[in-house]
Amino acid sequence: AVHPYSAEALAGLADARADDPAEARDLLARAVAVYEALGGRDHPQIPALAVRAGQLAEGPAAARRWYERAWNDWTGPLAQA
């Protein structure tokens, strides 16, 4: 079983590892996975983490995937915008 504090801890570690964007990205992705396990893709904490991961993404394509994830979670598919 997973606990919401696990995701919060991972997100906090990502903040602490701002000096290492690759590790911070991995930690944010793990936090998203925990929230998905707790509440599916609609968990309300996921969009904010997706934006943070997008800011740390390696290249525009990866950033776009994270930003679209945040957009989709908040509003529905990007095509509806």
>> Any non-hydrogen side-chain atom of H43 less than 4.5 Å from a side-chain atom of E36?
In response: no
>> Within the structure provided, determine whether W66 and V32 are in side-chain contact (heavy-atom separation under 4.5 Å).
In response: yes
Might you point out which heavy atoms bring [X] and [Y] nearest each other, and give the distance in Å?
| X | Y | answer |
| --- | --- | --- |
| P44 | P47 | O-CD, 3.5 Å |
| A63 | G54 | CB-O, 3.6 Å |
| V34 | A7 | CG1-CB, 3.7 Å |
| A31 | A11 | CB-N, 4.2 Å |
| A14 | L27 | N-CD1, 3.7 Å |

> How many angstroms lie between atom CG of L28 and atom CG of L56, to the nearest 0.5 angstrom?
Replying inline: 6.0 Å
>> Can you tell me how far apart CD (Q45) and CG (L38) are? Round to the nearest 0.5 Å.
In response: 10.5 Å
> For residues 2-15, which residue pairs qualify under salt bridge (Lys or Arg N to Asp or Glu O under 4.0 Å), counting only residues two or more places apart or in two chains?
Replying inline: D15-R52
> Between Y67 and A62, is there a donor-acceptor pair closer than 3.5 Å when you use the side chain of the first and the backbone of the second?
Replying inline: no
> Is the count of non-hydrogen atoms from other residues, nucleotides or ligands lying under 6.0 Å from R17 atom CZ greater than 12?
Replying inline: yes
